[in-house]
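Counting convention: from 1, in listed order, for ligands and their atoms alike. Small disclaimer: the values here were computed from a predicted structure and weren't measured.
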Amino acid sequence: MRLADKRILLGVSGGIAAYKSAELVRRLKDQGAEVRVVMTRSAKEFITPLTLQAVSGHPVSYSLLNPSAEAGMGHIELAKWADLVLIAPASANLMARMAAGMADELLTTLCLATPAPVALAPAMNQRMYLNAATQANLKTLASRGILLWGPDAGSQACGDVGPGRMLDPLELVERCCQQLAAEPLLAGVKLLLTAGPTREALDPVRYISNHSSGKMGYAIARAAREAGAEVTLVSGPVTLATPAGVTRVDVESAEQMHQAVMSRVSECDLFIGCAAVADYRPAQVAEQKIKKTGDNDQIHLALIKNPDIIAAVGALSDKPFTVGFAAETVDVEQYALDKLQRKRLDMIAANDVSREGQGFNADDNALTVFWQGGQAPLPLADKLTLARHLIALIARHYRH
Ligand code: PMT
């Protein structure tokens, strides 16, 4: 009973492989899972709701606007109920709608509303699977953390041979067991994390800042949450949505970020400094907008040093396990190692920000992580994938 007490929401979309869903429900239940089924409109053309109701032991949901279903377990409640959402089969059409973020029927709405991991078992004709549009949708979904299980390759119902067969129900059950059984890497760990840029005011309408988008830090917040951590994200001004389950504290300047971190650091086990904090701020903030005058071709700004937040964390006598970043354009390794030692860090992620297509404000990144006596390269990947690898690496050293 490897899925005892686990709640699996099985989504069934329209495709010939839908006939295997009844078998899948039975095999999930064999392992002790409680299974609720949600069907798309077209799935009902391939298998009846009555069949899936009989094998799951619960009414099958398929309408977003059904008052009696909403009076039972409403769609938001259903989204929150699940430990895992598995969509099998996942058709090309369903994946396209999910990639577009549509909430046009119950199943796509649930996928947007659920805090649980979502896994797709794609099933379709091999040409449809290999089509550039489908592949682009899969890439988009993977970059958002959707799990892709399969497809298998082989002979298809339509007579074609190639990739696009839904994984066997027993294989899908095994994936569910692995996904849900694994002890989360950072279960119960309290993580405090900084992300994004800071803004250092010059006058009421101007500031000094940098190109950090917050994408790397937000991806780390999400990956850490997935790994079971309690995450508090101290964020500079960015335009990103807060990852599900993460507590966010908004700040603007380095001094505010410093204050937000130092007032919370004693409660955390792990600190990660991913923010691009301004090293200096204007010595004076003009009360009124600084005016351009005809006789001044130059103005001079006096800057003073900001507090070094991560160095302040590293200097604490009972400091948390502390991980920094080093954004460098030259001598990356040397500067990173210097910061590791000078700021009393446990690990540092060196980020070569001189390279095209990675680092500041890019969707992808690559890092080399250093610690006392060791290093590990994390090759170029989208920031969420990279963040998951980074969290796994940090967890290994934190637990050591
Ligand atoms: O936000 P994105 O667009 O996704 O880009 C990601 C990133 C490039 C910003 C990120 O991957 C990264 O490299 N962040 C660190 C940026 C930085 O300011 O590095 P640094 O080498 O200047 O600082 C070293 C460390 O000290 C960092 O952990 C930094 O958070 C910390 N620091 C720096 C100055 C300061 N006053 N206080 C600090 O805590």
Please state which protein non-hydrogen atom is closest to atom 14 (N) of ligand 1 and give its distance, to 0.1 Å? Cys274 O, 2.9 Å
If you count every heavy atom of other residues, nucleotides or ligands that lies below 6.0 Å from Tyr335 atom OH, does the total exceed 12? no
Is there a polar contact between ligand 1 and Ala275, counting only N or O atoms under 3.5 Å apart? yes
If you scan protein heavy atoms around atom 18 (O) of ligand 1, the nearest is Ala276 CA, 3.3 Å
Is there at least one pair of N or O atoms, one from Lys383 and one from ligand 1, spaced under 3.5 Å apart? yes
Protein heavy atom at shortest distance from atom 31 (C) of ligand 1: Ile310 CG2, 3.8 Å
If you measure every N or O of Gly196 against every N or O of ligand 1, does any of those distances drop under 3.5 Å? no
Any nitrogen or oxygen of Met216 lying under 3.5 Å from a nitrogen or oxygen in ligand 1? Just yes or no. yes
Can you tell me the protein heavy atom closest to atom 19 (O) of ligand 1 and the distance? Ala327 N, 3.4 Å
Output yes when the distance from some N or O of ligand 1 to some N or O of Lys343 is under 3.5 Å, and no in every other case. yes
Which residue holds the protein heavy atom closest to atom 20 (P) of ligand 1, what is that atom called, and what is the gap in Å? Lys339 NZ, 3.6 Å
Minimum distance, heavy atoms only, to atom 36 (N) of ligand 1: which one of Ala362, Ala254, Pro307 is it? Pro307
Could you check whether Lys319 makes a cation-pi contact with Phe271, meaning its NZ or CZ is under 6.0 Å from the centre of the six-membered ring and within 45° of the ring axis? no
Pair Gln372-Gln341, side-chain contact (heavy atoms from CB on, under 4.5 Å): steps then yes or no: CA-CA 9 Å; Gln372 211 61 53; Gln341 199 165 21; 5.5 Å; no
Could you say whether the N/O atoms of Gly217 and ligand 1 ever approach to under 3.5 Å? no
What part of Leu367, side chain, backbone, both or neither, has a heavy atom within less than 4.0 angstrom of ligand 1? neither
Strictly distance-based, threshold 3.5 Å: is any side-chain N or O of Asn131 a donor or acceptor partner for the main-chain N or O of Arg127? no
Among all protein non-hydrogen atoms, which one is nearest to atom 34 (C) of ligand 1, and what is the separation to 0.1 Å? Asp279 OD1, 3.3 Å
When you measure from atom 27 (C) of ligand 1 to each heavy atom in Phe360, Tyr218, Tyr335, Phe325, which option holds the nearest one? Phe325
Here the gap from Glu45 atom CD to Ser42 atom OG, rounded to the nearest 0.5 Å, amounts to 7.5 Å
Atom 2 (P) of ligand 1 - nearest protein heavy atom and its distance: Ser213 OG, 3.3 Å
Return yes when atom CG of Asp5 has more than 12 non-hydrogen atoms of other residues, nucleotides or ligands closer than 6.0 Å, and no otherwise. no
I want to confirm something. Looking only at heavy atoms, which of Asp352, Asn351, Ile309 is nearest to atom 7 (C) of ligand 1? Asn351
Nearest protein heavy atom to atom 1 (O) of ligand 1, by residue and atom, and its distance? Ser212 OG, 2.6 Å
